[in-house]
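These numbers come from the heavy atoms of this one structure, side chains and all, not from hydrogens, waters or symmetry mates.
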Amino acid sequence: MALVAAGWRKPARATANPARALRQKRARIGLPVTEADVPLHRRTQWWRKIWAVVAGSTMAAVVGVITATVVGVGASWIVVTLSRLLKK
């Protein structure tokens, strides 16, 4: 807080250096530019599309099984714990 009250701040961007403006202009030597045609977009192979569907479905099934198992174990643990508390 003392630094802010004293007027210290970090500038958002660098300040201009006036010494750079005094330098001689450099000779601008251009680079030769050639234009080339862009290759057209190639379609995805059919087997990659099928592999993506199979892999995505498999991952979804595995995540679903793991989630269902964790939720089931958690729910059964809660039921058993609360049942024991009621018996006391």
Side-chain angles (χ1 to χ4, degrees):
M1 293 298 288
L3 291 174
V4 173
W8 177 88
R9 63 179 178 81
K10 184 177 180 181
R13 63 179 116 166
T15 57
N17 185 358
R20 292 183 72 188
L22 299 176
R23 288 194 295 184
Q24 296 293 328
K25 299 284 184 188
R26 294 182 186 157
R28 297 185 186 253
I29 300 172
L31 296 174
V33 177
T34 59
E35 291 186 16
D37 291 335
V38 177
L40 296 176
H41 175 70
R42 292 187 306 159
R43 296 182 63 110
T44 306
Q45 290 104 359
W46 62 271
W47 59 271
R48 283 187 179 235
K49 291 179 184 179
I50 293 174
W51 177 251
V53 169
V54 170
S57 301
T58 304
M59 286 191 303
V62 169
V63 169
V65 167
I66 291 172
T67 304
T69 303
V70 169
V71 169
V73 168
S76 64
W77 179 78
I78 289 172
V79 168
V80 169
T81 303
L82 291 177
S83 296
R84 285 185 187 158
L85 289 174
L86 288 174
K87 288 182 182 179
K88 290 183 180 179

Exercise. Applying the 4.5 Å side-chain criterion to the ILVMFWY set and letting contacts propagate, would V54 and W47 be lumped into a single cluster?
Worked result: yes
For this session: Quick one: list whatever passes side chain to side chain contact (heavy atoms under 4.5 Å, CB included) with L82, sequence neighbours left out.
Result: I78, L85
Exercise. Sequence neighbours excluded, which residues qualify as side chain to side chain contact (heavy atoms under 4.5 Å, CB included) partners of R43?
Worked result: K49
